[in-house]
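Everything below concerns the one structure shown next.
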Amino acid sequence: MALLKATKLSIVFGGLRAVSNFNVEIAPGELVGLIGPNGAGKTTAFNLLTGVYQPTEGQIEFDGKSTVGLKPYQITQRGIARTFQNIRLFADLSVLDNVKIAYHFHVKYGLVESMFRIGRYHKEEAEIEEKAIKFLEIFQLADKKDEIAKNLPYGEQRRLEIARALAAQPKLLLLDEPAAGMNPQETQQLMEMIRWIKKEFNLTILLIEHDMSLVMGVCERIYVLDYGSIIAQGTPMEIKNNPRVIEAYLGEEV
Amino acid sequence: MKLLQKTKSDIMALVACLAVYAIIQTLILTDVIGPFWQLNIVLIGINIILVVSLNLINGFTGQFSIGHAGFMAIGAYVSAVLTVKFQLPFIAAIAGGALGAGALGFAIGLPTLRLNGDYLAIATLGLGEIIRITILNISYVGGASGFMGIPRYTDFTWMFAFTVFTVFVIKNFIDSTHGRACISVRENEIAAEAMGVDTTKYKVLAFTIGAAFAGVAGSLFSHYFYIAHPASFTFMKSFDILTMVVLGGLGSISGSITAAVLLTFVSAALASYPEWRMIIYSLMLIILMLYRPQGLFGNKELSLKMLSRWTGGKKHGSTQGN
Amino acid sequence: MDSSSLIVQFGQQLINGISLGSIYALIALGYTMIYGIIRLINFAHGDIYMVGAYAGFFATTMFKFSFIPALIFSMAAAGVIGMVIERVAYRPLRNAPKIAILITAIGVSLFLEYGGMLLVSPQPRTFPVLFESEVYNIGGMVINSQQVVILVVSLLLMVILTYVVNKTKMGKAMRAVSFDTEAAQLMGIDVDKVISFTFGIGSALAAAAGVLVGIYYNSIDPLMGIMPGLKAFVAAVLGGIGSLPGAMLGGTILGIIEALVSGFWSSTFRDAVAFAILIIILLWKPAGLLGKNIREKV
Amino acid sequence: MLKTKFTKLVSIMVSGLMLAGLVAGCGGSGGQQADVIKLGANLEMTGNNATFGQSATNGAKLAIKQINAKGGVLGKQLTLVVADNKSEAAEAANAMQKLVTQDKVVAVIAPIASSSVIAAAQVNADNKVLAISPTASNPKVTVDPNTGKVRDFNFRAAFIDPFQGSVMATFAQKSLKAKTAALYIDNTSDYAKGLGQFFKETFEKNGGTIVANEAYLAKDTDFKATLTKIKSQNPDVVFVPGYYQEVGMIIKQARELGLTVPFLGGDGWDSAKLPEIGSATALNNTFFSNHYSPDDNSAAVKDFVEAYKQEYNQTPDAFAALSYDATMMVIDAMKRANSADPVKIKDELAKTKEYQAVSGLISFNASHDPVKSAVIIEMKDGKQTFKEKVNP
């Protein structure tokens with residue numbers, strides 16, 4: 001059974017169909033790429049899947065249940081976490097606090113317990129701290145845990161954002177152009193890391209990339225989006241040789 | 001180990017509080033601190049409660065509210081009704097004032113917190129005025145003449161206990177997962193949602209808690225000055241509180257406390273120059289903002305590290321918009 | 001009460017409301033311009049209006065100016081003061097958090113109020129009669145010539161401003177700065193000059209309102225700007241802050257609401273109802289009636 | 001930022017409160033100097049009522065200047081210590097605290113607004129220093145509503161609300177033959193509300209009908225909407241017990257709307273500004289109660305008005321006159337007591353009999369309210385003219 005299934009998803013902005021008839025199906029454990037030229041509607045598709053926008057029509061099923069009409073935080077709580085194309089960290093907070101916030105909805109202690117530091121407060125806070133540091137260690141950020149997020153170098157901000165998304169303990173991770181702004185070497189490292197976390201955390205990943213060649217190496221299956229619609233899907237090899245895809249990318253990338 | 005450390009710091013804080021209380025109480029009992037400064041110390045305490053609670057809304061959660069005086073008014077009037085008309089004990093009246101203000105904060109916050117930025121500001125300002133005008137028209141609580149004949153129950157002990165209580169509770173709240181959720185709303189609402197934070201819930205929660213503590217401040221206020229009067233709760237009062245929040249630093253509790261102490265103190269010290277008081281005060285506001293737009297402490301808490309950085313040179317600005 | 005007298009009364013209340021609203025609108029025009037360009041709630045705007053009224057007062061009593069020269073003198077004086085305030089109190093904070101500028105604006109507002117009190121005494125002054133007002137009676141409804149003048153002046157100023165903003169080079173620069181200050185700077189626009197100019201114009205408008213109100217109500221005092229300033233801000237938000245026709249519309253609506261509430265329900269709840277309607281409109285249209293709602297790009 | 005410990009917060013509180021305590025310790029030493037006697041003024045220097053408070057301050061300052069010019073009292077010069085109560089009740093208690101405990105004044109000119117006087121009353125009573133309000137007119141100012149007892153240390157120079165309210169109601173019914181009346185009241189002023197309430201009671205008791213009960217807020221400028229409503233009710237008279245700035249505008253706008261019936265008011269109308277704001281013709285057919293009329297006991301009034309004009313280049317209003325009277329009565333009591341002891345001054349002040357003040361011949365009754373006759377003044381072409389005299 002598919003973990004995520006979107007059928008005939010469409011959204012209209014002021015008469016303009018930004019995404020139309022968007023169909024994807026992702027099985028548990030897959031690493032899928034969503035590519036397309038600039039302005040194809042990739043991020044809009046992500047925003048539909050994560051509840052930032054409500055679809056004009058169509059269905060989204062996650063883990064067998066519909067997520068249409070849910071707020072973004074509810075979708076996250078169901079098990080979909082994401083990163084953003086233009087990094088959205090909690091810029092003025094420490095690296096550690098950024099990760100801690102992702103644990104928020106797993107925390108069980110209540111308001112009164114927090115205000116008077118009683119009951120489960122101490123135990124759970126200690127757990128959160130421990131887990132958060134563990135994540136930072138995985139992403140080689142542990143020694144920077146007290147730095148203010150906005151003062152990190154760009155590449156580390158990207159890593160922190162992924163670490164934060166993972167800390168929400170999702171089943172499905174959506175990465176929006178994670179390699180944007182990185183040099184080839186950094187990109188290479190990032191792709192390896194993505195493969196590694198997928199295995200380590202038993203994750204399903206959907207990845208947006210604008211740069212086709214990057215996803216080829218890492219993704220098992222690829223969807224191609226152009227003018228808001230899926231124009232092709234298949235293995236990297238199939239996509240590479242698909243004439244419609246080449247046409248869509250023509251002039252974009254030589 | 002960590003747990004022990006935390007408990008230890010809590011105990012130390014408690015000891016420090018008791019020490020401060022003992023010192024000031026002794027000074028009061030021995031008449032070293034005269035009645036005028038006693039009164040201003042009580043005012044400082046009330047202002048600390050107001051400023052810290054507004055900082056929770058404005059500074060930590062990033063919701064631009066300027067209607068705090070309205071909630072203070074609710075606390076002042078509800079508690080006065082409870083003690084004067086229903087002869088309830090003071091502590092019950094304070095609880096009633098806090099509940100009343102909190103409940104209204106919840107009812108108002110739920111619809112209005114969908115607005116953001118300056119629109120929320122004008123909406124909250126309007127709500128504060130609506131509260132005041134409504135009170136002005138209720139003759140049961142004295143209308144324009146104010147609610148008179150309120151007994152003076154508040155004294156230094158009450159004020160100190162509630163100030164410490166407020167700071168303790170709000171500080172703990174901030175340091176918990178709920179507080180972090182509020183801060184994440186301020187930092188980046190969209191990212192907060194994406195991290196599973198119910199942003200609406202936390203905005204309303206912060207607003208409700210802030211309003212409830214403003215209600216506590218109002219209760220202490222009316223039971224110190226014998227009267228609750230609509231003119232004490234105009235939008236200028238809200239501005240006063242906001243000014244202290246910004247001056248101390250949005251998102252800094254120690255900043256709020258410092259600003260409340262400083263501005264109350266300045267206001268009392270200027271009392272001898274009535275013609276010039278507001279002019280000096282306004283110039284001071286402008287100059288302080290020009291030199292420290294992020295407030296005295298930015299969004300940091302006062303710490304030894306920070307002190308050394310102050311002496312060490314420039315501190316990089318940590319600022320966020322409203 | 002029979003129905004015809006009810007209609008007359010309703011008509012009279014509309015006249016009352018529109019005339020009050022045109023004063024709010026006049027102040028709101030400047031408010032909205034300044035907000036449009038630097039997103040600052042300039043709380044001192046109401047006090048500039050007061051300064052303008054006093055400038056007009058001294059121009060007519062001490063220098064014996066007649067109406068038009070006094071109006072121009074007052075607008076010029078307030079314009080200069082507005083620019084000075086911007087230069088001294090707001091410009092250094094342009095890159096600071098908005099709330100810091102808001103606090104300086106409150107500081108400037110208090111400074112003008114209490115500085116004014118020290119300088120000209122808190123006693124109300126009576127404005128000299130610069131032109132006789134004639135009262136017209138139309139089927140039982142009363143309107144006077146001053147009300148007409150105020151309405152005409154505010155409409156005229158709105159039209160002129162809209163022209164300036166949309167058609168002139170300076171207006172283009174203003175819109176550019178309002179849209180994206182940094183980009184405007186890169187395009188070679190002198191942002192400081194544009195903002196300064198906006199403050200000058202906005203303050204001059206407030207002064208015009210001050211003089212007209214001085215003539216109309218006949219009485220000015222150093223704290224006269226607080227409530228009209230607040231109401232004008234409400235009007236600007238109601239109409240969609242940053243929009244010139246919005247300010248006009250918002251002012252008129254606010255004036256009519258106040259008149260109808262006072263006239264047919266209870267004057268004690270006038271301001272409460274005005275604020276309640278503001279909040280309802282904001283919840284329904286979060287950017288005001290004519291404002292543009294800008295959605296954050298994710 | 002989330003890491004910092006609660007201890008650090010507490011340390012700030014410690015230092016802050018210590019600082020306050022320290023200054024308090026140093027600040028408490030301002031005692032009575034040998035050669036001056038300090039009087040306090042707890043008045044509205046800023047905030048909504050600043051206009052009134054500053055007028056009152058001027059009145060008190062003038063009184064002290066005149067006495068000092070004549071050699072002072074008990075061989076000493078007087079000084080006036082002014083404390084601002086920001087037009088707020090709580091701040092009035094604060095200011096009172098400062099005056100009586102820091103500055104150690106021997107008597108206080110109390111606030112304008114009744115609510116502020118009442119808020120501060122406990123403070124001056126606890127410290128056994130008298131407070132005399134120039135204008136506070138609510139009965140509760142001198143009588144504690146909880147105990148029903150007279151407040152030992154509170155006095156006033158003004159009429160109480162019931163007196164003025166009923167005087168004008170009776171005048172409307174007897175002299176103007178009014179059957180119906182409209183009330184138009186400053187909703188932010190307890191003075192105006194008090195007058196309105198007692199006007200209504202008397203008017204209805206004597207068979208009249210109140211056809212409209214409307215309100216405005218201080219600092220409003222546009223009254224036409226409510227006036228249109230009042231006009232539609234066709235009252236015989238309109239009672240507007242507010243202050244002159246708004247009253248001037250109200251009457252001017254009412255006349256423009258064709259509301260020509262008599263307007264009535266109280267002593268808040270008394271100002272040379274009233275006809276300037278309202279215009280002389282509009283003010284014809286209006287009446288108000290006051291403490292004195294310009295034709296009445298003219299020597300005291302004339303001297304005062306002239307001295308005031310010379311000093312401040314303004315014509316005095318009721319606030320200035322009443323505050324001048326309050327100050328003079330305190331000084332007179334001090335002379336009679338032959339002492340600057342606050343309690344002795346209070347005792348003598350309570351015994352004041354037929355003191356010739358600007359606002360009439362004043363005696364205090366048992367509840368510390370002045371017993372003086374009121375005059376009703378008619379505005380004729382911008383001039384105040386004597387209409388009739390009403391004894392209490």
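Order of the sequence lines fixes the chain letters, A, B, ..., with proteins taken first and strands second; residue numbering starts at 1 for each chain.
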> Side chain, backbone, both or neither: which part of D/L43 has a heavy atom under 4.5 Å from chain B?
Replying inline: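 For D/L43, no heavy atom lies under 4.5 Å from chain B.
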
> Where does D/D126 contact chain B at under 4.5 Å (heavy atoms): side chain, backbone, both or neither?
Replying inline: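 The answer is the side chain of D/D126.
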
[atom1] of [X] to [atom2] of [Y]: how many Å apart, nearest 0.5 Å?
X      : Y      : atom1 : atom2 : answer
B/L39  : D/T101 : CG    : OG1   : 8.5 Å
B/L136 : D/K193 : CG    : NZ    : 5.5 Å
B/L43  : D/N94  : CG    : CG    : 5.5 Å
B/R277 : D/D84  : CZ    : CG    : 4.5 Å
B/E275 : D/T57  : CD    : OG1   : 7.5 Å

>> I need the residue from D/A119, D/A90, D/G47 with the largest number of non-hydrogen atom pairs under 4.5 Å to chain B.
In response: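 Max contact count across the listed options: D/A90.
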
> Side-chain contact, heavy-atom cut-off 4.5 Å: B/M148 with D/K140?
Replying inline: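 They are in contact (side-chain heavy atoms under 4.5 Å apart), so the answer is yes.
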
> So do B/H229 and D/E88 actually touch side chain to side chain, heavy atoms under 4.5 Å?
Replying inline: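 Of all side-chain heavy-atom pairs linking B/H229 with D/E88, none is under 4.5 Å.
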
Below 4.5 Å from any heavy atom of chain D, which atoms of [X] appear? Answer side chain, backbone, both or neither.
X      : value
B/D31  : neither
B/P230 : neither
B/S267 : side chain
B/F221 : side chain

Considering all heavy atoms, the nearest [X]-[Y] contact:
X      : Y      : answer
D/A89  : B/I227 : CB-CG2, 3.5 Å
D/A93  : B/F225 : CB-CD2, 3.6 Å
D/Q97  : B/F36  : CG-CA, 3.3 Å
B/A231 : D/S87  : CB-O, 4.0 Å

Look at [options] and state which one has the largest set of heavy-atom pairs under 4.5 Å with chain D.
options                       : result
B/G149, B/P35, B/S145, B/A144 : B/P35
B/Y224, B/Y21, B/Y226         : B/Y226
B/I150, B/L270, B/N40         : B/N40

> Is B/K237 salt-bridged to D/E91, going by a charged N under 4.0 Å from an acidic O?
Replying inline: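 Judged by the 4.0 Å cut-off on N to carboxylate O distance, B/K237 and D/E91 do not form a salt bridge.
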
> Are D/K86 and B/S232 close enough that a side-chain donor and a side-chain acceptor fall under 3.5 Å?
Replying inline: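 B/S232 and D/K86 do not have a side-chain donor-acceptor pair below 3.5 Å.
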
> Is the count of non-hydrogen atoms from other residues, nucleotides or ligands lying under 6.0 Å from B/K85 atom NZ greater than 12?
Replying inline: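 Counting neighbours around NZ of B/K85, more than 12 heavy atoms of other residues, nucleotides or ligands fall under 6.0 Å, so yes.
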
